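All of these numbers come straight from a predicted model, not from anything done at the bench. Residue numbers begin at 1 in each chain, while the letters A, B, ... track the order of the sequences.
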There are 2 protein chains.
Amino acid sequence: MYVHIFATPFQGTLFQIMKIEDEIKQPVFKDAFQKGLINLVYTAGWVQQRNSSQFKEFGITLPQFNILRILRGQHPKPATVNLLIERMLDKTSNASRIVDKLEAKKLVTRTVCPSNRRAVDICITDSGLELLQEIDKVLEREPLLHKLTEAEVSQLSDLLDKIRD
Amino acid sequence: MYVHIFATPFQGTLFQIMKIEDEIKQPVFKDAFQKGLINLVYTAGWVQQRNSSQFKEFGITLPQFNILRILRGQHPKPATVNLLIERMLDKTSNASRIVDKLEAKKLVTRTVCPSNRRAVDICITDSGLELLQEIDKVLEREPLLHKLTEAEVSQLSDLLDKIRD
DNA sequence: CGACATTAAATGTATGTACATATATTTGCA
DNA sequence: TGCAAATATATGTACATACATTTAATGTCG
């Protein structure tokens with residue numbers, strides 16, 4: 001799990017809040033913006049931890065799971081490391097080493113790309129596809145945002161988009 | 001930066017979205033819930049990366065910054081590792097080693113607690129306080145959620161609370 | 001053609017997370 | 001009193017992130 005949870009220092013502290021303070025030990029925030037920021041980061045960590053624990057029993061981590069899903073999306077075409085990095089959105093992350101782990105578990109294959117010998121063709125194996133299918137069943141059993149209605153989820157997405165404008 | 005960004009595999013893909021697809025390379029999601037989930041995690045990562053880059057020039061990381069803020073909140077009282085862990089909300093994280101780094105930079109001191117020799121009293125130094133003051137100036141210059149109104153921030157917090165209900 | 005920049009991936013290093021285990025101190029209780 | 005349980009922190013290991021550097025292959029342009 002790779003979400004850093006914001007700390008909640010006791011400083012200033014003028015604004016009483018209602019819900020997030022039950023989760024953390026700090027009942028007071030400087031203002032609504034600080035509360036929203038902490039809540040955003042904390043909740044993202046919350047959903048990722050839940051998600052991750054759902055397939056920890058299958059022996060893969062969240063980043064490994066995400067790489068596998070990208071590869072399934074490409075299947076039966078191969079993906080390159082570059083494509084994985086683009087899809088992960090995290091240009092600085094190291095897809096190469098995550099693929100190492102998946103290769104060791106025989107969930108993907110890595111072969112030099114014939115048309116460009118600098119590149120590497122990465123493919124999900126049958127074993128990898130089967131694993132994803134099993135994990136999918138578990139994930140569908142308890143959808144992570146099921147406490148929200150479809151309208152609320154859309155509202156949430158709109159607010160999040162606005163943050164990054 | 002320790003937020004894992006959700007991958008966006010090409011799978012199923014029935015639901016056209018509007019905004020987050022500009023940031024990532026995948027223009028289509030399975031449904032609004034998948035979009036919301038990815039948006040939540042992605043946006044949390046976005047704000048943390050911005051935050052982190054704001055004080056990277058000061059030679060500390062986001063976890064180190066958060067520990068320092070907790071210590072400032074306690075100042076001039078000392079904090080124990082236990083208190084840091086509580087405030088970080090991340091019971092499994094390793095505050096001890098983050099304090100190591102801060103101690104090496106002379107931003108905090110670590111002394112055995114006189115009344116309980118198992119515990120360690122951790123205090124922010126004057127140098128640490130000065131560093132935080134400088135960083136605060138930078139952070140205040142560009143508040144991270146400034147694109148939202150106060151009403152929108154509250155609405156966001158309510159939706160996030162509901163997710164974790 | 002050949003030097004040089006560009007591209008694709010891998011590797012190196014420091015930091016952090018997640019989780020298990022170890023060490024030292026204190027507490028509780030037979 | 002003495003010894004096991006509980007507590008506070010530190011340490012070990014695997015994995016991932018963040019960022020710089022390296023290696024190999026390809027592209028470009030004189």
Can you pull every protein N or O that's under 3.5 Å from an N or O on nucleotides 2-4 of chain C?
none

Exercise for the section: Sugar-phosphate atoms are those with a prime plus P, OP1 and OP2; base atoms are the rest. Using that split, label each nucleotide of nucleotides 6-13 of chain D B, S or - for protein heavy atoms under 4.0 Å, 5' to 3'. Expected result: BBSSSBBB

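What separates CD of Glu57(B) from P of dC19(D) is a distance of 13 Å, to the nearest Å. If you take CD of Gln48(A) and C1' of dA16(D), they are 12 Å apart, rounded to a whole angstrom. The nearest whole Å value for the distance from the NZ atom in Lys105(A) to the C1' atom in dA14(D) is 10 Å. Rounding to whole angstrom units, CD1 of residue Ile98(A) and P of dA10(C) are separated by 12 Å. Residue Glu103(A) contributes atom CD, which lies 13 Å from atom C1' of dA10(C) at whole-angstrom precision. Put simply, CD1 on Ile67(A) is 9 Å from P on dA16(D), counting in whole angstrom units.
In this view, Glu103(B) and Arg110(B) satisfy the salt bridge (charged side-chain N to carboxylate O under 4.0 Å, His left out) rule, not counting sequence neighbours. Lys105(B) meets the side-chain contact (heavy atoms from CB on, under 4.5 Å) test with Ile60(B), Gln64(B), Leu107(B); sequence neighbours excluded. Qualifying side chain to side chain donor-acceptor pair (under 3.5 Å) partners for Asn82(B), counting only residues two or more places apart in sequence or in other chains: none. Residues forming a side chain to side chain donor-acceptor pair (under 3.5 Å) with Arg118(B) (at least two apart in sequence, or on another chain): Asn116(B). For the side-chain contact (heavy atoms from CB on, under 4.5 Å) test, residues two or more places apart in sequence or in another chain that qualify with Leu139(A) are Asn51(A), Gln54(A), Phe55(A), Phe65(A), Ile135(A). Residues satisfying the side chain to side chain donor-acceptor pair (under 3.5 Å) criterion with Lys106(B), sequence neighbours excluded, are absent altogether. Residues forming a side-chain contact (heavy atoms from CB on, under 4.5 Å) with Asp121(A) (at least two apart in sequence, or on another chain): Pro78(A), Thr80(A), Thr111(A), Cys113(A), Pro114(A).
Within the 4.5 Å cutoff, side-chain heavy atoms of Leu71(A) are placed close to those of Leu84(A).
Partner Asp136(A) forms a salt bridge (charged side-chain N to carboxylate O under 4.0 Å, His left out) with one of Arg141(A), Arg69(A), Arg72(A) and no other, that one being Arg72(A).
Within the 4.0 Å cut-off from OP1 or OP2 of dA16(D), at least one side-chain nitrogen or oxygen of Gln64(A) is found.
Between Val99(A) and Lys56(A), the residue whose closest nucleotide on DNA chain C is further toward the 5' end is Val99(A).
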